[in-house]
Trainee: 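Take this structure first; my questions come after.
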Amino acid sequence: QKEPKHFTIGFSQCSSDDWRNVMLQEMNRELAYHPNTRLLYRQANGNTALQIAQVQDLLKSGIDLLIISPNEAVPLTAVVAEAFKKKLPVIVVDRKIDAPYYTAYVGGDNYEVGRMAGEYAAHLLKGKGDILELTGLPRSSPAIERHKGFADALKAYPQMHIQKQINGEWLKEKAQEKLIKTIGTETRPTLVFAHNDRMAMATYEAYREKGLPVPHIIGVDGLPGVNAGMDLVAKKAITATMMYPTGGEKAIRTAMDILQKRNYSKQSLISTTVIDSTNVRYMQLQTETTLSQQKAIERQQGMLANLKAIYNNQRTFVYILALS
Ligand code: FRU
């Protein structure tokens, strides 16, 4: 397919971790089909003020479209709204801003993630139990929505209580530090709902460190790899994780649709699923297959690029010969 126009997509990422690396890999994989499109990438290390400054910088760089995963919703709304009002297309991924000033949203359904975790917890505990909720940053939209979905699901089970909430800030170290101070004292939950797998792992380690029996732990993300969500379920360190796709590939597809003036959907909600001991092996095998297929595609892309380079060289050579 011919793609004559050069586009620059600015991508403002809120932080850096395995899940966000997968998002970037997915984006780059999809961008390989658009050699004329460039990605200007900025990563804010979980620092909201830095992310605002990085977005302002990106806006000055003459980008054609902005993709952003905002660290916290409210503080990033103004700068994104400013871009959107100047008619720059904006795609919000994973985390949201606090107003409808964006062209499209791509990401997992965080309310559904929380709701499914709540339903799963209720079935696991047969409708009765005390829960510790380990949240992400309270001003980031997935933490707000995961909590809401979870609490709504529990409404049907009057004997299930969220006994305590701890703000783990999405980070393993923060979560672990706070858990160590709390568990085994007044807080003795039968289940911990951690808003991501890193904090779920922190929970497991904190209980082990204190020599306390490990409660049921539910995490979110379900990444492949050692000590990532699927592995933790397979090793029985945690009971379950809610698969939370990054949406990287879909974000680039949507961006290209917008830039090339095709139809696109304003809300692309990617669905979630529970991973527990009953399906984890299957999920792992499926991911391995997908990854090896992707590697094969990348190898083919590399070979095609080589062939193209050889062809161009030979064409130049023939042209020189014809001139001489
Ligand atoms: C990665 C992460 C994920 C979580 C998502 C929510 O930075 O913390 O673990 O699911 O962000 O935005």
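Residues take their numbers from the sequence shown, with the count starting at 1. Each ligand, and each atom within it, is numbered from 1 in the order the structure gives.
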Trainee: Please work out whether the ring planes of Tyr244 and Trp19 are parallel, tilted or perpendicular, with thresholds of 30° and 60°.
Mentor: parallel
Trainee: Check each protein residue for a heavy atom under 4.0 Å from ligand 1 and list those that pass, ordered by chain and number.
Mentor: Ser15, Asp17, Trp19, Arg20, Asp94, Arg95, Pro142, Arg146, Trp170, Asn196, Arg198, Asp221, Tyr244
Trainee: Can you tell me if Glu133 and Gln165 form a side-chain donor-acceptor pair at under 3.5 Å?
Mentor: yes
Trainee: If you measure only the distance, is there a donor-acceptor pair under 3.5 Å linking the side chains of Ser268 and Arg253?
Mentor: no
Trainee: Tell me whether the rings of Phe193 and His195 are parallel (<30°), tilted (30 to 60°) or perpendicular (>60°).
Mentor: tilted
Trainee: Side-chain contact test, heavy atoms from C-beta onward, threshold under 4.5 Å: evaluate it for Ile131 versus Leu154 and give yes or no.
Mentor: yes
Trainee: Side-chain heavy atoms nearer than 4.5 Å, only ILVMFWY residues, links allowed to pass through others: does that put Met243 and Val113 together?
Mentor: no
